[in-house]
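Right, one structure below, let's go through it.
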Amino acid sequence: MATVIAVVEDDRDQRENYVDVLTAHGYDVRAYADKPSAEAGFERELPDLALLDIMLGEDMDGGFDLCMELRKLSPTLPVIFLTARNSDADRISSQRMTAWDYITKPVSLEFLVARVHALLRISEQLQHRSPDSSVFSVGNLELDENSMLVHWQGQPVSLTLTEFWIIELLTRNPGHVKSYQALSDVTRQGLVERNTINGYIRRIRNKFRELDSSFDRIQTVHGTGYKWERDRE
Amino acid sequence: MIGLKALRESPKRVDQKKRRVASGIRPGLKIRTKLLLLVVSLLAIPWMGYESVREMERFLLEGQEQALELTTQGISSLLGNRSDLFDPGVGVPEVIGRTSRPLPTEIEQSLSIDATASGWVSAIGELTNFTGFGLFECGPEYQPDSLAVRHGVAIDTEQFFAYFEIDDDIIIFRDPDLVSLNNSDQLRMTVQASSGTVSRYLLTTTEPGRISIYLMKDNWREAISGDAVREVAGVLDLTDRGYVIKLRIPRNLLGVGARLKFEIVDVDDIGSRVVSRVISTEPDPSQLGIGRVRLATPELTKLIQPLYLSEANITIWDRGYRLRAQVGSIFPPAREGFDLASEEFAWSFPNVETAITRFYEWILRSPARGFKDMPVDSSQEDYRLLGRVLTEGEPKSERRRYGDAKLIVTAAPIWAEGSIDGAVLIKQSGNKLLSLQYRTLQRFTLLFLGVFLFLSVAILVFSTRLTYRVGRLQRETEQAATPEGRLLKDQIRPGARSSDELGSLTRSISGLLHNLGQYTRYLEKLPDTLAHELHNPLNVVNSSLENLQYHHRELADDKHLQRARNGVGRLRSIITSLTEAASLKEALSHEQDERFDLTALIDGCVEGYQAVNPKHRIVSTRVAGPMIIEGVPDRLAQMLDKLIDNAVQFGADQGLIVVSLRRNADGIELTVANDGAALPVEIVDRLFDPMVSRARDARKTHLGLGLYIVRLVAEFHNGTVVARNSAGDRGVEVVVSLPQARVPPR
């Protein structure tokens, strides 16, 4: 049985393009243009993953509403927000609704498919809880690559897929500087400005600091990039 | 420090300053000065007041003159058809100076020259005091303790008695060795017979007791003959306050119609024996020159006595220009006349008092001065007027001026059965009015000074407030926008609630600023809105291109597809930079300051920039040691990114870019200088505004948001940024001034 992906996008051209590319990659795609039809569709059949635009026609926060509906139906359903809105407020809202990823337009379809793959794999991992999960730890940080779970000092840190990838890259060689280019590549979004990377790092730091106000592992290397500071033991 | 030396103000900046000066302050009168000039015009009020007081004076003098005319005519009609009063036979010798008691007391029994003083006083009755009134030869420095005279006369059928009580602190008797007689305390008696012959008797003595009496020459020094006059008997008795003189004169010595005048002469210095004071029984010693016949008619005097007018002299004359009766004097009582000013201003501060008195003396003519100008003898003018009245038979009046003194003179004929018997002449001083006027002017001046002061202060306060409000409005308006025209606030609160025109002007300007602010915000949000709207179609194009490529693998290297992707890439970077500024503005409000070393950041960044831009040489120069500032390092790095992008973009190929960091008095100065073309003059002021760019290269995207971001970050760190051409117009440098961190807390 093919994996079902729900696409909710009010712009017909974009919707069709998503459908085309996901269908071409073998997914069963349900496309909806607005909130009522999407809700009806979710009632009928729960998708394995949802791609949501936040603004649906006149409904400014339609995507958020749908996300909440889906959370009621399934707490672990991967949700990707795909939006033209790039404000911190929107990102925080999406985080609060435990969306798995937040991608701003224009999105590269190639990377979109990659993300969908990754999230589906992680979702599967979470559902089956395979014991061979590859957990590795750096100091107080625990990172499960398969289930995308991150713990700092034993507490879970809620990260998006992109943020997870960045942490993964930074902690792979603690103390080594990761250049902007490397960080940009790992976000899998195509062309990424330094400032966008700075934004991701800032949000990651904030999430860690919510758990530990003295968090200072991620160090800025001005003009170059960032590094994960080793624990001083 | 390459390229940083010899910085000079570009001509543009100088122009800008000039322009600001021209629009702000111009030479000329300010509102306050204008209003104060207006106050000065209030000075017309005292002029007007002075004029009206003068007018009032004229009016009052006229009224006084009319009143005098009426009195004159009243007296003349009272005396009409009373030829008996003007009969030359009824005249009696009159003792001059008895203004209040004109007639001698008539006594039954002759008084003995050796009788006691109290006996004389009881016979004569009330004495006339010559201390307070009628002092005309003592002057204002007169002191009653030193010399005072009480005097009374009596008459019986044979004799004329005169009694003097004299207060004298130092009594100097005659020195028999001296020939001249005018060097001791003495009594002088002047007798003018009805024929006009004047006899002068000097009464003096070497010791208390009988007095020697000499007939004197008119210089009062030498006697006509060495023999004493025997007919007149006098006795001087000492008292505890001075001495008493009793005098007995046979009536036949005086004759009918004679005039009699006594003068008490006081000598106080035994050494020099100079006459220090003279008190005369003549109230107006020089009014009637000795030698003029005075035929007093007691009945006439009795008739006019009740008609006494203050400061007026009423005289009745007969056809032969002989004075038949008179009452009153044109001079005010001495003390009152001389002490007028000081009584008016008897304040507790002598200095203030004299200053104010002088001030008034200077502005207004004091009536006290007028008295000094008053002639003591105006008989020439009186005779002229009398002559006209007696010949023409018409009442006449005239006003005379003697310097500051004013005299109103009216005369009317006295008719008796078709012929003129005589004339009434009244002279009254106008100076009483003048002193009234003087007091009015004083009050008016005080009032005016008060009003003037009050108005001046009120207008000063008002104009100061007005100037302050206008100034505040100007300040607020100027502060609402930067000199470059960037809006800092979109309303003016102070003074906007006022209901007057200035308040409504403030509201207008505030409204204008508000609209401008909304428009500015709209413009600032425009890139973000635009970017958001562009994202969706861009996503359509992008995803369509990717689908096209996915489904048609053979097109992967198609040049048109490639160009389309390039175009999408450019569009994307445009949109990113459009949103960057807007999102930065919002993001900055959430940032938290930290303390860090700016030099480390700059060094790291410059290293990175050199790696990314191999075509340029990027170096940093800085002073040794860390420069700690408080701020957001990421944002400062972002700012530096934009500065370097800008320097690279407009710098010469293979050129040098210098990033220098140094301290100055205000803080830290970060300069990024390149060697590219000079800045165009027309955009230098607006270079840091959004959407302003000097680039004209169509292949690259230049939204002019880079330097706008620089400004936002600099301002977020309480800094400023300016761009200017380097010395010699070789290259451009952008200078960011940031405040240094305060001394770190220990």
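Reminder, nothing fancy here: chain letters follow the sequence lines and each chain counts from 1.
Per-residue counts of heavy-atom pairs under 4.5 Å with chain B were compared for A:Thr224, A:Asp20, A:Ile201; the largest is that of A:Asp20. Across A:Gly225, A:Ser108, A:Ser179, the residue that shares the most heavy-atom pairs under 4.5 angstrom with chain B is A:Ser108. Options A:Val107, A:Leu109, A:Thr83, A:Val221 differ in how many heavy-atom pairs under 4.5 Å they form with chain B, and the most are formed by A:Leu109. Note: A:His25 leads A:Glu9, A:His25, A:Glu16 in heavy-atom pairs under 4.5 Å with chain B. Here B:Ser543 is the residue among B:Ser543, B:Ser544, B:Pro537, B:Ala611 with the most heavy-atom pairs under 4.5 Å with chain A. Among B:Ile644, B:Val540, B:Leu534, B:Leu538, the residue making the largest number of heavy-atom pairs under 4.5 Å with chain A is B:Val540. Contact count against chain A (heavy-atom pairs under 4.5 Å) is highest for B:Leu601 among B:Ile602, B:Val568, B:Leu601.
Of the two parts of A:Thr104, neither the backbone nor the side chain holds a non-hydrogen atom closer than 4.5 Å to a non-hydrogen atom of chain B. For a residue to count as touching a neighbouring chain, one of its non-hydrogen atoms must lie under 4.5 Å from one of that chain's; by this rule A:Asp11 touches chain B with the side chain only. Contacts between A:Val21 and chain B at a heavy-atom distance below 4.5 Å involve backbone atoms as well as side-chain atoms. With a 4.5 Å cut-off on non-hydrogen atoms, B:Asn542 touches chain A through its side chain but not through its backbone.
We find that A:Arg30 and A:Glu45 are joined by a salt bridge, their nearest charged nitrogen and carboxylate oxygen being less than 4.0 Å apart. Contact check on A:Arg205 versus A:Asp216 returns no salt bridge, with no Lys/Arg side-chain nitrogen under 4.0 Å from an Asp/Glu carboxylate oxygen. In summary, B:Glu630 and B:Arg595 engage in a salt bridge, as defined by a charged side-chain N under 4.0 Å from a carboxylate O. Electrostatic pairing of A:Arg188 and A:Glu110 does not count as a salt bridge here, judged by no charged N lying under 4.0 Å from a carboxylate O.
Aromatic ring centres of A:His222 and B:Tyr609 lie farther apart than the 6.0 Å criterion allows.
Distance check, rounded to the nearest 0.5 Å: CG of A:Leu183 to CG of A:Asn198 gives 9.5 Å.
For A:Arg209, the CZ atom counts as densely surrounded, since its 6.0 Å shell holds more than 12 non-hydrogen atoms of other residues, nucleotides or ligands.
Within residues 634-643 of chain B, the residues having any heavy atom closer than 4.5 Å to a heavy atom of chain A are B:Asp634, B:Arg635, B:Ala637, B:Gln638, B:Asp641, listed by residue number.
For the pair A:Arg15 and A:Tyr18, the cation-pi criterion (under 6.0 Å, within 45° of the ring axis) is not fulfilled. Within the cation-pi definition used here (under 6.0 Å to the ring centroid, within 45° of the axis), B:Arg553 qualifies as a partner of B:Tyr550.
Here the options are A:Val150, A:Leu143, A:Ile166, the test is side-chain contact (heavy atoms from CB on, under 4.5 Å), and the partner is A:Leu159; only A:Val150 passes.
For A:Tyr32, the side-chain hydrogen bond (donor to acceptor under 3.5 Å, both in side chains) criterion is met by no residue, not counting sequence neighbours.
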